[in-house]
J.: 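First, the structure itself, so that you have it in front of you.
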Amino acid sequence: MECSGENPASDPQPESAPDEEFGTLKYQLLGPSLTKAGQDSVDQQKVSEIIYNASKGSKFFNHEQERDRNLTLKTERIVKEKARLERLDLNSELRRADEYLAELELSRDLSQHVIHVDCDAFFAAVEELDRPELKTVPMAVGKGVLTTCNYLARKFGVRSGMASFVAKKLCPQLVLLPQNYDKYTAKAKEVRAIMAEYDPLFESASIDEAYLNITAYCNENNLEPDEVVRRMRAEILETTKVSVSAGIAANAKVAKIASNLNKPNGQFQVPNEREAIIEFMRDLSVRKVNGIGRVFERELESIGVKKCGDIFPHRALLTKLFGEKAFQFLAQCYLGLGRTKIEPIETHERKSVSTETTFHDIGDKEELRAKLWWAAQELEKDLARTQFKGRTLALKVKLHTFEVLTRQTAPSRAVSLAKDLYYFALPMLAKLEKDIPNMKLRLLGLRCSNLVSTQKVGINFFGVVTPKPATEPTPVSASGVDTDHEICAEEAFEAAARQEIQDEMNDLEQLSQETPAVSVARRPEASADPEVVEAPPMWDCPICTRPQIADDRIFNEHVDFCLSRQTIREVVQDTSEETPLIPHNSRKRKMASQAGIPETDPKQKRLFFQ
DNA sequence: GCGGATCAC
DNA sequence: TATGGTGATCCGC
């Protein structure tokens with residue numbers, strides 16, 4: 001599986017190269033999925049030339065170039081630091097590393113059979129089922145950026161994550177299909193139903209990947225792991241018509257690596273023996289390990305670590321060069337250790353909910369507020385679906401130069417409604433506008449973290465819904481059979497989500513009857529196209545002068561907020577040349593006058609974007 | 001706790 | 001002409 005073309009250092013320079021960074025830059029431009037299967041017969045040299053020329057001069061290219069420069073500088077620092085460390089006495093570091101390796105060795109568990117199952121070119125395969133004629137042509141799924149492509153397309157150097165216009169340069173006859181996520185989800189459900197027969201507590205790693213612990217199945221049926229996997233793959237192919245590849249090993253990490261070795265439609269087993277595992281890892285490129293990406297690969301390469309076997313002779317340096325976590329991770333790579341505990345994804349708690357959208361470069365402030373309002377509405381929907389509120393709200397922007405910035409805040413209470421998300425995010429956006437002259441964005445997103453559950457129904461471990469007090473007992477899942485667990489859980493979640501959306505809509509209806517302004521601001525019929533988003537009606541805040549959602553409660557709360565926050569008062573000073581308005585609420589007017597704001601006509605609130 | 005960065009899919 | 005969205009984790013400060 002070694003592929004010498006992957007080595008950035010061996011990538012010859014083009015004759016016209018003005019400096020030495022193009023080797024690594026071209027490698028970077030090849031994209032993150034270089035190690036994917038189906039690339040063996042590809043002339044990487046030619047491919048990288050085409051990608052390079054297609055990208056050259058673009059803002060994206062310039063940003064990649066900048067990142068490449070920085071990484072090169074970083075690797076140079078690492079090399080120097082390594083040389084410095086090697087002049088010191090490393091015995092204590094060496095001892096510490098060996099102690100850790102010995103400790104890890106004690107934890108080695110060879111009693112389990114873990115498999116990683118991966119659908120081959122999943123989205124493309126599902127599309128081919130609907131349109132068999134696509135099997136004979138190079139084809140990819142995805143619009144601006146490809147999410148998947150079939151193996152015919154890979155022969156041309158086309159890969160997932162590649163911009164579609166670049167893919168078209170590599171393969172002009174490439175057929176591009178829009179992505180149909182619902183279709184893939186339905187097919188994934190069929191595949192999972194079969195996997196559940198082999199391990200009812202299997203773990204979905206993504207829509208097209210899963211980990212299973214088949215130890216019990218092997219014992220109960222008196223079968224060897226490779227035979228079990230052969231049967232399972234055959235059953236999946238027979239029943240669902242999609243082919244899968246699998247890795248079989250003593251733990252998840254090695255199984256994941258192994259599943260890539262005989263793709264497509266193949267399997268690979270690493271025996272549950274210490275020597276065999278260590279030998280397997282020894283010649284394995286570190287890049288094949290899940291968690292080591294293009295950056296870490298280059299950093300490791302700079303100190304001479306290309307294969308997992310190279311980790312051992314460098315063990316005394318790793319903590320100092322890359323940190324304790326990285327050392328521990330690499331130690332596990334060297335020994336071929338990983339987790340054997342496989343558990344359903346429902347058991348692991350979510351840490352954040354987010355949304356983001358890319359658009360044409362926007363510098364106009366009102367347009368940006370419209371995008372923010374769109375993001376707030378999207379996030380509200382996702383928070384309702386997942387039944388969370390956030391105690392922390394983060395704004396993410398990508399400048400037209402592709403530079404990414406994030407700003408976060410802890411609202412006074414957990415938030416989940418679009419107007420609240422907008423209200424707390426807007427000051428962060430405004431501050432960025434103030435700090436960055438002529439700020440132009442190509443992406444804007446919102447993320448809630450520090451989540452608080454708003455779940456009204458309990459779902460226990462086996463996916464059974466605990467009915468709400470005043471409602472009918474839910475009909476979900478009459479079957480107590482283990483093999484149904486995944487599907488039951490899914491249905492339970494869907495039912496819960498539907499109920500929650502219904503509740504939410506009822507609340508909304510009530511709210512809109514009480515305060516008409518809210519129903520105007522929370523226009524639920526927002527356009528489906530983020531490029532033509534409707535902006536909310538806005539009033540200017542009299543304190544900070546920034547536009548706020550035109551809702552009495554929100555507006556008054558905002559003014560309270562402005563009056564109470566020192567940081568906002570600073571903004572008032574900054575914008576003192578503009579005459580702020582006085583709130584129409586008498587209490588607010590009094591507070592404003594105490595804050596030294598001159599009184600003006602309260603009717604002077606105006607609507608933005610209209 | 002915040003912001004930047006990396007990684008996977 | 002033109003390079004995605006969601007979620008997680010780690011590091012340095």
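So you know, we letter chains A, B, ... as the sequences are listed, proteins then strands, and number each from 1.
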J.: Say you pick atom C1' in B/dC7 and the same atom in C/dG4; how far apart are they, in whole Å?
T.: 15 Å
J.: Once you round it to whole Å, what is the distance between C1' of C/dT6 and NZ of A/Lys381?
T.: 16 Å
J.: Which of these passes salt bridge (Lys or Arg N to Asp or Glu O under 4.0 Å) with A/Glu203: A/Lys256, A/Arg339, A/Arg192?
T.: A/Arg339
J.: Check this one for me: any side-chain N or O of A/Thr358 less than 4.0 Å away from OP1 or OP2 of C/dT3?
T.: no
J.: Once you apply a heavy-atom cut-off of 4.0 Å, does A/Leu443 come out as touching a base, just sugar-phosphate, or nothing?
T.: sugar-phosphate
J.: What is the nucleic acid contact for A/Lys256, judged by heavy atoms within less than 4.0 Å: base, sugar-phosphate only, or nothing?
T.: sugar-phosphate
J.: Does A/Glu209 or A/Arg67 map to a spot on DNA chain B nearer the 5' end, using the closest nucleotide for each?
T.: A/Arg67
J.: How far does CD of A/Gln408 sit from CG of A/Leu395, to the nearest 0.5 angstrom?
T.: 11.0 Å
J.: Can you check whether any acceptor in the base of C/dT3 is under 3.5 Å from a donor in the side chain of A/Ser55, or vice versa?
T.: yes
J.: Answer with base, sugar-phosphate or nothing: what part of the nucleic acid does A/Phe61 contact at a heavy-atom distance below 4.0 Å?
T.: nothing
J.: Rounding to a whole Å, what distance do you find between A/Ile436:CD1 and B/dG3:C1'?
T.: 13 Å
J.: Let's see if you can work this out: which of B/dC9, C/dT9, B/dT6 has an atom nearest to the side-chain heavy atoms of A/Lys351?
T.: C/dT9
J.: Looking at every heavy atom in both A/Phe327 and A/Tyr100, which two are closest together, and how far apart are they?
T.: CE2-CD2, 3.6 Å
J.: Please determine if a side-chain N or O atom of A/Arg407 lies less than 4.0 Å away from the OP1 or OP2 oxygen of B/dG4.
T.: yes
J.: Please report, rounded to the nearest Å, how far the C1' atom of C/dT6 is from the CD1 atom of A/Ile207.
T.: 13 Å
J.: Would one find a side-chain N or O of A/Thr406 under 4.0 angstrom from OP1 or OP2 of B/dG4?
T.: yes
J.: Taking atom CZ of A/Arg159 and atom CD1 of A/Ile51, what is their separation to the nearest 0.5 Å?
T.: 5.5 Å
J.: Considering every strand and a 4.0 Å limit on heavy-atom distances, what is the contact class for A/Gly291: base, sugar-phosphate, or nothing?
T.: sugar-phosphate
J.: Need to verify one output field. Residue with the more 5' nearest nucleotide on DNA chain B, A/Asp208 or A/Leu71?
T.: A/Leu71
J.: Can you tell me how far P of C/dC11 sits from NZ of A/Lys74, to the nearest Å?
T.: 11 Å
J.: OH of A/Tyr181 versus P of B/dC9: gap in Å, rounded?
T.: 13 Å
J.: Using only side-chain N and O atoms of A/Ser354, determine if any of them is under 4.0 Å from OP1 or OP2 of C/dT6.
T.: no
J.: What nucleic acid atoms does A/Thr392 come within less than 4.0 Å of, heavy atoms only: base, sugar-phosphate, or nothing?
T.: nothing
J.: May I ask you to establish whether A/Lys56 and A/Phe61 are in a cation-pi arrangement, using a distance under 6.0 Å from NZ or CZ to the six-membered ring centre and at most 45° from the ring axis?
T.: no
J.: Check the side chains of A/Gln328 and A/Gln332 for a donor-acceptor pair under 3.5 angstrom, ignoring hydrogens and angles.
T.: no
J.: When you check the phosphate oxygens OP1 and OP2 of C/dA8, does a side-chain N or O of A/Arg447 lie under 4.0 Å from one of them?
T.: no
J.: Can you confirm if the NZ or CZ of A/Lys253 lies within 45° of the ring axis of A/Phe329 and under 6.0 Å from the centre of its six-membered ring?
T.: yes
J.: Between A/Lys306 and A/Glu297, does at least one N-O distance fall below 4.0 Å, as a salt bridge requires?
T.: no
J.: Which listed nucleotide (C/dA8, C/dT6, C/dT3) is nearest to the side chain of A/His348?
T.: C/dA8
J.: Distance check: side-chain N/O of A/Lys431 vs OP1/OP2 of B/dG3, anything under 4.0 Å?
T.: no
J.: Taking only side-chain N and O atoms of A/Asn290, does any of them lie within less than 4.0 angstrom of OP1 or OP2 on B/dC9?
T.: yes
J.: Please give, in whole Å, the distance from C/dT3 C1' to A/Gln28 CD?
T.: 13 Å
J.: Between A/Arg294 and B/dT6, is there a contact of a side-chain N or O with OP1 or OP2 at under 4.0 Å?
T.: no
J.: Please determine whether a side-chain nitrogen or oxygen atom of A/Ser352 lies at a distance below 4.0 Å from atom OP1 or OP2 of C/dA8.
T.: yes
J.: What is the separation between atom CD1 on A/Ile292 and atom C1' on B/dA8, rounded to the nearest whole Å?
T.: 13 Å
J.: Taking the side chain of A/Val145 as heavy atoms from C-beta outward, which of C/dT3, C/dG5, B/dC9 is closest to it?
T.: C/dT3
J.: List in numerical order all residues of residues 321-333 of chain A for which some heavy atom is under 4.0 Å away from an atom belonging to DNA chain C.
T.: A/Lys325
J.: Mind checking if A/Leu405 touches a base, just sugar-phosphate, or nothing, with heavy atoms under 4.0 Å?
T.: sugar-phosphate
J.: Which nucleotide, B/dG3, C/dT9, C/dT3, lies nearest any side-chain atom of A/Gln408?
T.: B/dG3
J.: Sequence neighbours excluded and cut-off under 3.5 Å, please list the side-chain donor-acceptor pairs for residues 119-126 of chain A, or say none.
T.:
| unit_1 | atom_1 | unit_2 | atom_2 | d |
| --- | --- | --- | --- | --- |
| A/Asp120 | OD1 | A/Ser245 | OG | 2.7 |
| A/Asp120 | OD1 | A/Lys263 | NZ | 2.8 |
| A/Asp120 | OD2 | A/Ser243 | OG | 2.5 |
| A/Asp120 | OD2 | A/Asn265 | N | 2.8 |

